[in-house]
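For reference, the structure discussed in these notes is given below.
In the text below, chain A, chain B and the rest are named by the order of the sequence lines, each starting its count at 1.
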Amino acid sequence: MKTDGYLSFIKPLERLITKKVLQVNPTIAPLRQEPEKTIIFVYEYERGEVDCRQLNSIEETFTYLNSSKNVWINLDGLKKADIDRICDHFGIHPLIAEDILSSGQRPKMDELNHLIYCLLNMLYLNQNNISVESEQISIVLGKNFVISFQEDATRDVFDLLRQKIKVKGSKVREAKSDYLFYSLIDLIVDKYFVVMEKLGEKIEGLEEDIIHRADTRTLAKINYLRKELIFLKRNISPVREMINGILRSETDLIEEKTERYFKDIYDHIVQANELAENYRDMMINLQDLYLSNVNLKMNEVMKVMAVVTCLLAPATVIGGIFGMNFVKIPWLHNPYGFFIAVGLMLIIPIWMIWIFKKRGWF
Amino acid sequence: MKTDGYLSFIKPLERLITKKVLQVNPTIAPLRQEPEKTIIFVYEYERGEVDCRQLNSIEETFTYLNSSKNVWINLDGLKKADIDRICDHFGIHPLIAEDILSSGQRPKMDELNHLIYCLLNMLYLNQNNISVESEQISIVLGKNFVISFQEDATRDVFDLLRQKIKVKGSKVREAKSDYLFYSLIDLIVDKYFVVMEKLGEKIEGLEEDIIHRADTRTLAKINYLRKELIFLKRNISPVREMINGILRSETDLIEEKTERYFKDIYDHIVQANELAENYRDMMINLQDLYLSNVNLKMNEVMKVMAVVTCLLAPATVIGGIFGMNFVKIPWLHNPYGFFIAVGLMLIIPIWMIWIFKKRGWF
Amino acid sequence: MKTDGYLSFIKPLERLITKKVLQVNPTIAPLRQEPEKTIIFVYEYERGEVDCRQLNSIEETFTYLNSSKNVWINLDGLKKADIDRICDHFGIHPLIAEDILSSGQRPKMDELNHLIYCLLNMLYLNQNNISVESEQISIVLGKNFVISFQEDATRDVFDLLRQKIKVKGSKVREAKSDYLFYSLIDLIVDKYFVVMEKLGEKIEGLEEDIIHRADTRTLAKINYLRKELIFLKRNISPVREMINGILRSETDLIEEKTERYFKDIYDHIVQANELAENYRDMMINLQDLYLSNVNLKMNEVMKVMAVVTCLLAPATVIGGIFGMNFVKIPWLHNPYGFFIAVGLMLIIPIWMIWIFKKRGWF
Amino acid sequence: MKTDGYLSFIKPLERLITKKVLQVNPTIAPLRQEPEKTIIFVYEYERGEVDCRQLNSIEETFTYLNSSKNVWINLDGLKKADIDRICDHFGIHPLIAEDILSSGQRPKMDELNHLIYCLLNMLYLNQNNISVESEQISIVLGKNFVISFQEDATRDVFDLLRQKIKVKGSKVREAKSDYLFYSLIDLIVDKYFVVMEKLGEKIEGLEEDIIHRADTRTLAKINYLRKELIFLKRNISPVREMINGILRSETDLIEEKTERYFKDIYDHIVQANELAENYRDMMINLQDLYLSNVNLKMNEVMKVMAVVTCLLAPATVIGGIFGMNFVKIPWLHNPYGFFIAVGLMLIIPIWMIWIFKKRGWF
Amino acid sequence: MKTDGYLSFIKPLERLITKKVLQVNPTIAPLRQEPEKTIIFVYEYERGEVDCRQLNSIEETFTYLNSSKNVWINLDGLKKADIDRICDHFGIHPLIAEDILSSGQRPKMDELNHLIYCLLNMLYLNQNNISVESEQISIVLGKNFVISFQEDATRDVFDLLRQKIKVKGSKVREAKSDYLFYSLIDLIVDKYFVVMEKLGEKIEGLEEDIIHRADTRTLAKINYLRKELIFLKRNISPVREMINGILRSETDLIEEKTERYFKDIYDHIVQANELAENYRDMMINLQDLYLSNVNLKMNEVMKVMAVVTCLLAPATVIGGIFGMNFVKIPWLHNPYGFFIAVGLMLIIPIWMIWIFKKRGWF
Ligand SMILES: [Mg+2]
Ligand SMILES: [Mg+2]
Ligand SMILES: [Mg+2]
Ligand SMILES: [Mg+2]
Ligand SMILES: [Mg+2]
Ligand SMILES: [Mg+2]
Ligand SMILES: [Mg+2]
Ligand SMILES: [Mg+2]
Ligand SMILES: [Mg+2]
Ligand SMILES: [Mg+2]
Ligand SMILES: [Mg+2]
Ligand SMILES: [Mg+2]
Ligand SMILES: [Mg+2]
Ligand SMILES: [Mg+2]
Ligand SMILES: [Mg+2]
Ligand SMILES: [Mg+2]
Ligand SMILES: [Mg+2]
Ligand SMILES: [Mg+2]
Ligand SMILES: [Mg+2]
Ligand SMILES: [Mg+2]
Ligand SMILES: [Mg+2]
Ligand SMILES: [Mg+2]
Ligand SMILES: [Mg+2]
Ligand SMILES: [Mg+2]
Ligand SMILES: [Mg+2]
Ligand SMILES: [Mg+2]
Ligand SMILES: [Mg+2]
Ligand SMILES: [Mg+2]
Ligand SMILES: [Mg+2]
Ligand SMILES: [Mg+2]
Ligand SMILES: [Mg+2]
């Protein structure tokens with residue numbers, strides 16, 4: 001079996017996916033790799049004005065705790081020392097600081113010391129290998145501030161929000177920090193749909209593959225996509241519970257009118273989960289289709305062999321009969337004997353095939 | 001393998017179904033295609049009189065907000081500007097306006113600002129390819145009005161209701177707007193059964209197909225129907241929850257006596273869901289039946305090959321033995337040698353088949 | 001493949017079963033076939049006396065509304081006009097009248113206007129084709145009366161009750177109408193076990209079939225029974241919920257001491273549901289057994305082919321070698337050459353089979 | 001196919017198991033077979049003294065109703081007349097008397113007239129055919145008495161308890177009748193683990209079977225064990241609910257400190273249920289292993305056929321070529337022609353096998 | 001079939017795993033093997049000082065009951081007499097003493113006599129055969145003490161904690177015994193992730209195995225890992241419930257601020273359970289991949305046979321035709337006859353293969 005083709009196809013990709021799916025919480029690892037540097041951006045805004053600046057050290061964020069405006073502090077790259085200091089200053093519990101630093105966590109929300117904390121994963125689609133990548137983000141909502149902690153400094157899903165903050169009269173500028181908190185989560189959840197749409201396209205392509213050819217390459221793709229879906233579901237599914245936790249919370253950090261916006265996210269995440277379930281059903285359909293196709297193919301080959309075997313049978317026997325070296329063999333001296341024998345070699349298999357056709361085998 | 005037959009069969013249909021099943025909420029798409037025009041119809045009625053007219057602009061609906069009669073405003077074709085204006089005037093929350101405009105949403109209900117909002121899908125059966133098509137509809141119930149927002153201007157399921165409104169003394173004419181609201185949902189749910197009945201007929205046809213022939217065409221049909229059922233279930237299943245939401249709501253928009261009618265819809269949607277579950281079980285049965293049939297067919301072919309192989313075996317060996325060119329071969333000069341050899345060629349396979357039959361192989 | 005045998009077997013039966021399983025609620029059908037006539041029987045009884053008579057018109061039942069005794073009115077055959085009139089007179093809601101008339105409904109109970117309404121299906125076993133048949137029955141319990149609405153005038157499961165009512169001192173004669181209501185449901189549920197017992201016998205027979213022969217006929221029977229079980233489960237499963245509804249209801253139509261009897265039915269219906277689940281598990285077992293048997297059979301055939309192929313191989317080659325027409329072939333003039341060659345033809349395959357046996361292939 | 005071996009194996013056993021699994025509640029049967037005689041034993045004990053005696057008639061038990069000591073009445077063999085009399089005297093509801101008499105019931109508990117009633121099955125292991133057998137037992141707890149109703153007079157699981165009652169200072173002697181009630185149920189549940197351990201050993205043996213040989217006998221054993229597990233689960237699973245019912249009950253028949261003992265049984269029955277679930281998973285594993293093994297075996301046979309076919313192919317063709325009777329055939333007169341031809345017959349298949357090996361087929 | 005390779009691979013390992021999975025609670029066994037000796041260590045500490053000593057007899061622990069400091073008593077090796085004495089002294093209920101002594105129990109928690117009791121399993125990874133091993137541990141939390149009961153004296157997961165207790169100013173030294181209780185459970189749960197990570201690596205390795213070769217050895221590994229996962233899940237899954245029990249408990253043994261730490265464990269155990277679920281999904285994926293691979297391999301072999309059969313067919317027939325001994329055979333005297341015949345033997349199969357290729361079979 002030429003598994004090399006299959007292997008070479010999956011080599012760079014598959015390995016990664018399997019690792020992703022089986023990956024356990026790195027808090028257990030004794031060593032955590034610290035990023036080289038932390039980038040800190042602050043947006044301080046109210047209806048009338050907005051101020052966006054990059055800070056040079058974690059201590060500079062401390063003054064924003066008592067700002068009279070809305071504040072969004074975004075950290076890219078998480079150094080343990082920095083996280084511990086900022087958490088200490090803003091009253092974030094050490095266990096939550098630990099969660100912020102431990103990547104690979106299950107999405108969840110927590111309410112503690114008059115702060116709301118939530119942790120979830122931003123999903124991106126790697127356009128090269130159409131694989132789902134994740135970046136863990138922790139968001140803390142305080143009375144007038146939101147702090148977001150990102151692992152990867154090179155990307156996030158908040159550019160649209162950054163633009164809106166700068167636009168005077170935009171909804172986010174008019175509202176309080178709870179709406180900012182909502183906006184961050186909304187953008188993350190919206191991105192889930194973008195990622196799912198791409199995966200959906202891949203499933204569609206896979207279906208065409210299965211119909212056209214059902215080889216090891218297709219098998220590799222099915223296996224690959226099933227793992228992506230496990231990974232997707234693991235990231236999306238607990239977010240529902242998380243949003244629900246925010247809705248049921250009795251905090252006064254989130255105003256009555258903003259709660260409705262969280263209910264809107266809730267609707268979306270429910271839909272995302274159902275869609276993921278549909279994707280899984282589709283994959284099961286495709287797998288069955290693949291197996292049935294392989295089966296049908298095998299059947300076709302079996303039939304060819306049966307036909308050839310049937311064609312061969314009488315010819316071999318007749319040839320054997322008149323090839324024997326007995327001294328007395330009838331018709332051997334008959335001038336038409338040869339043609340009769342060859343004729344039988346032709347007529348008998350044709351008659352056999354006619355019978356088989358009639359019985360519905362071919 | 002002749003997959004082209006399979007492919008050509010599914011080409012126009014299958015592709016669409018897969019897309020339908022994998023389709024994500026278009027709210028995430030940056031561009032939404034606006035319909036060319038909006039058609040607005042208003043029914044204003046009370047026990048004694050009814051007035052039905054087509055309006056030319058969205059502003060004309062505004063006067064109906066404070067009508068003393070029952071009002072049904074139906075919009076076909078959803079322009080963003082129109083929806084925003086009417087929602088603003090009738091006190092419908094911007095998030096709900098967003099839902100109205102986003103097709104492909106999960107059925108749901110909401111209660112807000114003394115309005116009840118519900119969103120679900122009308123299902124139609126495309127008679128050409130027997131596929132299920134959906135049209136999203138949003139229905140808003142106010143104190144004395146019902147507004148329904150439809151995507152597709154060319155069709156809906158409310159013609160029966162339009163007739164009843166015009167009939168003096170009909171139940172809907174006697175009742176308030178909550179009964180009108182009920183009637184709209186009832187007609188949508190009733191249509192689900194019509195669609196399911198047609199799908200049921202298709203499943204019946206499929207069973208006959210599987211029994212008569214189990215080829216790639218059948219495979220394509222099984223795959224096709226499974227996707228239709230995923231799509232059906234996705235549309236029907238959340239409606240149960242939606243009706244339940246209306247029943248548990250503590251609104252005074254729905255009177256005590258109308259609530260009983262919603263309970264009737266609830267019974268129906270529960271039954272529709274169970275039926276969909278039965279359909280799925282039937283499809284699993286059919287798939288198993290298909291696979292077993294393919295297996296049995298393969299077995300038949302294997303048996304033929306075994307029989308022919310067994311027939312061939314002794315003849316070939318005997319022919320080979322007496323076809324060797326040794327100088328001294330016994331019986332070669334015997335005048336009956338040839339007939340004995342041919343006789344053995346016949347007797348041995350018959351004896352073999354008799355043995356096999358006895359052991360239960362054929 | 002000889003599918004005709006399979007087809008001819010299922011033709012009269014299978015079609016019906018599939019229809020039964022896929023059947024949707026006929027309320028959606030525009031036309032409902034009215035029965036030709038309605039048969040009305042009334043039992044009016046108290047401890048001391050009993051009066052049983054057949055009524056000629058629906059209006060004659062009206063007087064029983066205020067009878068001081070217990071009254072059981074049984075209608076066989078449901079004409080819309082009659083149902084509407086009697087419902088109107090006895091205070092039964094129009095929606096329930098609609099339910100009474102719509103066959104194919106899901107079992108349920110309702111409590112309305114000081115009446116308890118329940119709808120379920122009587123199951124019968126058609127002894128000819130061992131298929132499960134259903135008849136919908138609606139039962140209404142009022143203060144001193146029970147009305148039962150049956151579709152089919154030719155049969156029900158209440159004969160035992162009719163006898164008991166006539167026996168002075170029997171439990172039903174001593175009790176109120178709530179015990180009569182209980183008795184009707186109890187007899188229906190008891191019949192479920194009778195039907196299941198028969199199905200159980202069929203499953204047992206099927207197992208024997210699968211072991212003895214695993215052909216298309218067996219396949220048809222498996223498929224047939226699976227559909228019967230879907231149908232059975234659909235009818236039995238919601239009855240549990242229905243009885244539970246009666247138990248939780250806060251009606252005073254059912255006395256404290258009769259409630260215990262409904263709890264007894266509840267135990268039975270729970271057991272019936274678990275049994276149906278066990279039946280389903282058994283069917284899965286049998287299906288797996290069938291598939292394994294087909295597989296083993298195929299394996300046996302493959303082995304025969306392998307043996308014959310191995311036997312044939314050396315003989316063919318040796319025969320071919322000494323059948324070649326080269327001028328110089330060794331041993332050709334040896335007087336024992338022929339016997340040595342034939343001997344090799346025998347010894348080599350025996351040696352091969354010995355090897356295969358040792359390696360565990362046969 | 002030699003199904004007779006399979007059949008002869010299952011004949012005496014399988015039939016019974018299937019019957020056991022499909023068995024419905026015999027209350028529906030018109031005729032119940034009465035045992036020939038009833039054996040009644042009474043233990044009357046308090047801290048200081050114990051009195052154990054066999055009674056001759058059911059009426060003799062009546063005096064124990066108002067005994068000032070703890071009383072355990074055990075009935076082996078259930079005659080309808082006796083049960084009705086004793087139930088009547090001890091205040092046990094007629095419906096419970098019916099339950100006591102109806103074997104094949106689902107385990108359950110009930111609380112009625114200041115009595116606690118529970119019904120469950122004692123499980124035994126038949127050492128001859130390693131099948132699970134059940135005996136229904138009903139236990140009634142009154143203020144100072146416990147009555148146990150057994151079907152089968154020849155066996156139960158209470159011998160350990162009988163010994164303990166006779167030992168002065170044992171826990172049961174020190175405690176009230178609620179501890180006696182606990183002890184009976186505890187012994188029954190403990191026996192479940194003994195039975196499961198034996199089944200576990202059988203599953204282990206089955207695994208070894210599947211690895212060593214995967215024939216019809218193994219298939220029969222898999223099928224057999226799956227049915228035993230269905231039966232086991234049906235008996236064990238509702239006991240959890242039953243114990244829970246006792247724990248939640250607000251009776252004062254069970255003292256605060258005895259309740260803790262029922263919690264201990266609850267832990268055990270939860271564990272028994274999980275174990276049964278694990279057993280089922282193991283069986284699924286084994287079934288998959290069996291199927292894979294059968295598949296691999298088939299593959300092996302296919303490979304042998306492929307090898308032999310490949311070996312045969314060139315020899316047959318070369319033999320055929322030089323066996324033709326053309327007048328002019330090259331090399332025919334060459335003295336080494338024969339050896340070259342035979343050499344080719346050997347070299348070509350060796351070269352083919354080498355290729356196949358390289359491509360990973362063998 | 002060469003099952004010996006498979007067998008020899010699983011012999012030492014597999015047997016153990018199956019036993020582990022099917023193992024029932026040994027409380028039912030009449031005999032329990034007592035360890036040879038018990039090792040008792042006590043840590044008595046407060047903020048300022050720590051005292052760690054090994055005790056010689058169980059009676060020496062008694063004095064610690066009323067210590068004013070925090071006390072951790074750890075017992076390795078459980079002798080019935082010792083356990084009964086210590087439980088009696090520290091007020092632990094006899095039923096809990098029984099649980100402590102019965103290994104193979106389901107993880108659970110209990111609250112009794114102002115003590116919190118919890119039982120769970122420490123998991124280790126046997127590096128030799130990569131199998132999961134478990135050791136049952138019981139932990140009792142009293143007002144100022146924690147007692148841990150271990151089965152195996154040679155190992156546990158608490159070394160990190162022992163170090164921390166000795167470090168002045170460490171969190172555990174600053175806190176009360178409830179934090180010590182938390183720390184023990186936290187370390188056990190942390191170890192679950194370490195074990196799962198190793199299993200994850202094994203699953204990854206298995207995937208590579210399946211792709212490269214799909215033989216009996218791979219089959220044995222799949223079977224092996226599935227059993228390990230059943231065992232893992234059985235140990236991890238009830239711990240969630242156990243932690244939840246601690247969180248919902250209304251004890252005052254656990255302070256408000258420590259409860260948050262238990263919530264942290266709760267998050268981790270939820271994640272561990274989801275991960276175990278993902279592992280199971282991955283194993284199902286791999287099993288499907290394995291089966292598909294075996295199928296594809298079989299298909300490849302079938303194709304080779306089909307090709308060879310097709311190549312052989314015309315050559316055999318042509319050779320047979322011209323090998324017949326008829327006196328008059330055309331072309332026999334033609335000097336190119338032989339070459340034409342051999343040419344046909346080559347051209348016809350090439351043409352056949354070309355046809356098959358075109359129809360997509362190869
Ligand atoms: Mg944490
Ligand atoms: Mg991650
Ligand atoms: Mg980032
Ligand atoms: Mg959004
Ligand atoms: Mg949005
Ligand atoms: Mg709130
Ligand atoms: Mg929305
Ligand atoms: Mg849509
Ligand atoms: Mg429309
Ligand atoms: Mg309706
Ligand atoms: Mg209607
Ligand atoms: Mg209400
Ligand atoms: Mg209705
Ligand atoms: Mg019906
Ligand atoms: Mg009837
Ligand atoms: Mg009954
Ligand atoms: Mg009864
Ligand atoms: Mg009540
Ligand atoms: Mg009963
Ligand atoms: Mg029984
Ligand atoms: Mg007994
Ligand atoms: Mg016990
Ligand atoms: Mg015990
Ligand atoms: Mg209690
Ligand atoms: Mg215990
Ligand atoms: Mg253990
Ligand atoms: Mg240890
Ligand atoms: Mg931890
Ligand atoms: Mg920790
Ligand atoms: Mg608490
Ligand atoms: Mg607490």
Side-chain angles (χ1 to χ4, degrees), chain D residues 190-191 193-194 196-197 199-201 203-204 207-208 211-213 260-261 263-264 267-268 270-272 274-275 278-279 281-282 285-286 288-289 291-293 295-300 302-303 305-306 309-310 312-313 316-317 319-321 323-330 352 356 359-361, chain E residues 1 3 6-7 10 14-15 18-19 21-25 27-28 93 95 98-99 105-106 108 110 112 213 215-216 219 223 226-227 230 234 238 287 290-291 294 297-298 300-302 304-305 308-309 311-312 315-316 318-320 322-325 329 331-335 337-338 341-342 345:
Chain D
D190 281 357
K191 190 65 187 288
F193 286 94
V194 178
M196 289 181 92
E197 194 169 44
L199 277 185
E201 277 165 24
I203 293 176
E204 262 186 274
E207 191 184 31
E208 201 144 341
I211 293 157
H212 280 109
R213 60 173 179 274
R260 172 140 301 275
Y261 287 88
K263 239 186 120 186
D264 191 62
D267 288 347
H268 290 180
V270 166
Q271 178 149 10
E274 284 203 352
L275 214 56
N278 287 170
Y279 278 33
D281 289 354
M282 277 299 288
N285 277 10
L286 288 187
D288 287 358
L289 188 62
L291 281 176
S292 301
N293 246 9
N295 255 356
L296 276 176
K297 234 171 182 169
M298 171 104 78
N299 267 16
E300 289 293 318
M302 291 308 292
K303 273 185 205 164
M305 287 179 68
T309 305
C310 290
L312 202 63
T316 306
V317 172
I321 286 171
M324 291 192 293
N325 296 323
F326 286 104
V327 167
K328 276 195 83 166
I329 297 182
M352 285 166 82
F356 295 162
R359 304 185 74 167
W361 287 339
Chain E
M1 191 192 165
T3 48
Y6 174 59
L7 198 70
I10 69 156
E14 287 279 279
R15 224 53 352 170
T18 304
K19 222 174 217 104
V21 173
L22 301 173
Q23 184 186 33
V24 304
N25 190 331
T27 37
I28 60 160
H93 195 279
L95 279 171
E98 195 185 300
D99 284 342
Q105 298 242 55
R106 193 175 175 271
K108 63 171 184 180
D110 216 333
L112 198 66
R213 59 173 179 275
D215 57 5
T216 46
L219 192 58
N223 192 30
R226 281 175 74 169
K227 284 189 267 183
I230 293 176
R234 192 213 290 189
Q287 192 133 7
Y290 168 79
L291 281 175
V294 167
K297 234 171 182 169
M298 171 105 77
E300 288 294 319
V301 173
M302 291 309 292
V304 173
M305 287 179 68
V308 171
T309 304
L311 282 167
L312 202 63
T316 305
I318 290 165
F322 293 103
M324 291 191 292
N325 295 322
I329 297 182
W331 300 293
L332 221 56
H333 294 270
N334 184 325
F338 174 78
V342 172
M345 286 182 185

- [ ] Could you look at E:M324 and say if it's the side chain, the backbone, both or neither that has a heavy atom under 4.5 Å from chain D?
- [x] backbone

Task: Criterion side-chain contact (heavy atoms from CB on, under 4.5 Å) on E:E98 and D:D264, from CA distance to verdict - done: CA-CA 10 Å; E:E98 195 185 300; D:D264 191 62; 4.2 Å; yes

- [ ] For each of D:K263, D:E201, D:M302, tally heavy-atom pairs with chain E at distances under 4.5 Å, and name the one with the top tally.
- [x] D:M302

Open item on the list: Suppose we screen for side-chain hydrogen bond (donor to acceptor under 3.5 Å, both in side chains). Which residues come up paired with E:R226, at least two apart in sequence or across chains?
Closed with: D:N285, D:D288, E:Q287

Task: Pairwise side-chain contact, D:M298 with E:V294, heavy-atom cut-off 4.5 Å (strictly under) - done: no

Open item on the list: Would D:I321 and E:F338 count as a side-chain contact (heavy atoms from CB on, under 4.5 Å) here? Give the steps.
Closed with: CA-CA 8 Å; D:I321 286 171; E:F338 174 78; 3.4 Å; yes

TODO: Please tell me if the side chains of D:M352 and E:V308 come closer than 4.5 Å, counting only heavy atoms from C-beta onward.
DONE: yes

Open item on the list: For a quick test of reading the model, state the closest non-hydrogen atom pair linking E:V301 to D:A306 and the distance between them.
Closed with: CG1-CB, 3.7 Å

Open item on the list: Using 0.5 Å steps for rounding, measure from the CG atom of D:L312 to the OG1 atom of E:T316.
Closed with: 8.5 Å

Open item on the list: Walk me through whether D:R260 and E:D110 qualify under side-chain contact (heavy atoms from CB on, under 4.5 Å).
Closed with: CA-CA 10 Å; D:R260 172 140 301 275; E:D110 216 333; 3.1 Å; yes

- [ ] List the atom of D:S292, the atom of E:L291, and the distance in Å for their closest heavy-atom pair.
- [x] OG-CD2, 4.1 Å

Task: Candidate pair E:R106 and D:L275, rule side-chain contact (heavy atoms from CB on, under 4.5 Å), full reasoning - done: CA-CA 10 Å; E:R106 193 175 175 271; D:L275 214 56; over 6 Å; no

Open item on the list: For E:L22, is there any backbone N or O sitting under 3.5 Å from a side-chain donor or acceptor partner on D:N278?
Closed with: no

